[in-house]
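Accompanying notes for the structure given below.
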Amino acid sequence: MTDNTAVTKQAETSRSDSALLPPVDVIEDANGITLCADLPGVPKERLGLQIEAGTLTIEGEVTLTIPEGMESSHAEVNLPRYRRVFTLSKELDTEKVGAEFNHGVLKLRIPKVAHAQPRKIEVRLA
């Protein structure tokens with residue numbers, strides 16, 4: 001009986017911790033990376049971004065409003081959360097992250113640290 005209780009609790013915990021993986025495009029250029037994540041149904045107030053110990057975490061909670069007097073009879077999305085975790089390179093400057101969120105699309109720009117960016121070396125005549 002104890003085992004069944006533990007299994008049930010574990011299943012409930014894993015269900016409540018479950019989340020959808022949002023599709024993310026990662027584009028790298030000489031000066032850094034740009035991440036574009038699709039988070040439909042997530043308002044800005046329910047979006048969470050965190051960088052800790054070289055790990056970027058993107059989380060969002062879906063809030064779909066149903067008009068008064070109506071009820072949902074079918075749902076394609078059963079999990080109300082998005083979550084995606086990335087390990088960031090040490091070449092990226094996590095102190096200078098820029099974020100924009102527009103129409104359910106999150107765009108993050110993470111530049112490379114100064115010593116990792118390409119630089120032009122001037123050649124002088126001797």
Side-chain angles (χ1 to χ4, degrees):
M1 191 155 146
T2 306
D3 291 335
N4 287 342
T5 305
V7 170
T8 303
K9 285 183 181 178
Q10 183 180 14
E12 289 173 4
T13 302
S14 64
R15 175 73 176 157
S16 66
D17 290 344
S18 297
L20 295 169
L21 290 175
V24 176
D25 294 328
V26 180
I27 302 147
E28 182 175 6
D29 60 28
N31 298 315
I33 64 169
T34 302
L35 284 90
C36 294
D38 293 331
L39 302 161
V42 176
K44 182 182 174 204
E45 303 78 38
R46 300 279 188 173
L47 178 63
L49 302 174
Q50 181 177 349
I51 295 180
E52 184 178 346
T55 301
L56 166 66
T57 303
I58 301 171
E59 291 183 298
E61 188 176 328
V62 177
T63 57
L64 299 175
T65 56
I66 299 173
E68 191 175 321
M70 299 183 86
E71 71 177 58
S72 175
S73 61
H74 176 74
E76 293 282 329
V77 178
N78 294 325
L79 299 172
R81 293 182 343 124
Y82 290 102
R83 180 174 165 84
R84 194 78 187 257
V85 179
F86 297 92
T87 301
L88 300 176
S89 165
K90 294 188 185 309
E91 291 182 352
L92 297 173
D93 191 347
T94 57
E95 298 295 320
K96 296 181 180 175
V97 177
E100 297 176 13
F101 190 60
N102 195 15
H103 298 291
V105 178
L106 172 66
K107 183 177 179 180
L108 288 175
R109 177 69 183 161
I110 308 174
K112 289 184 180 178
V113 292
H115 72 272
Q117 291 190 18
R119 60 188 175 108
K120 189 173 183 176
I121 300 172
E122 184 181 331
V123 179
R124 295 179 287 174
L125 293 175

Applying a strict under-4.5 Å side-chain criterion to I, L, V, M, F, W and Y, I'd like to know whether Val26 and Leu106 cluster together.
yes
If you group Ile, Leu, Val, Met, Phe, Trp and Tyr by side-chain heavy-atom gaps below 4.5 Å, do Val113 and Ile33 land in one group?
no
One should read off an interatomic distance between Ile58 CD1 and Leu108 CG, to the nearest 0.5 angstrom, of 5.5 Å
Any chance you could measure Glu68, atom CD, to Met70, atom CE, to the nearest 0.5 Å?
12.0 Å
For residues 86-102, which side-chain N or O atoms pair as donor and acceptor with protein atoms under 3.5 Å away, sequence neighbours left out?
| unit_1 | atom_1 | unit_2 | atom_2 | d |
| --- | --- | --- | --- | --- |
| Ser89 | OG | Glu91 | N | 3.0 |
| Asp93 | OD1 | Glu95 | N | 3.2 |

Can you tell whether the side chains of Arg83 and Glu59 come within less than 4.0 Å, N to carboxylate O?
yes
Would Leu21 and Tyr82 count as a side chain to side chain contact (heavy atoms under 4.5 Å, CB included) if you check the C-alpha gap in whole Å, the side-chain angles of each, and the deciding distance to 0.1 Å?
CA-CA 6 Å; Leu21 290 175; Tyr82 290 102; over 6 Å; no
All side chain to side chain donor-acceptor pair (under 3.5 Å) counterparts of Arg84, not counting sequence neighbours:
none
With Thr57 via side chain to side chain donor-acceptor pair (under 3.5 Å) - residues at least two apart:
none
Return each pair, listed once, that meets salt bridge (Lys or Arg N to Asp or Glu O under 4.0 Å) where at least one residue sits in residues 24-35; pairs must be two or more places apart or across chains.
Glu28-Lys112, Asp29-Arg109
Side chains of residues 36-52: which donor-acceptor pairs under 3.5 Å do they make with residues two or more places apart or in other chains?
| unit_1 | atom_1 | unit_2 | atom_2 | d |
| --- | --- | --- | --- | --- |
| Gln50 | NE2 | Glu52 | OE1 | 2.8 |

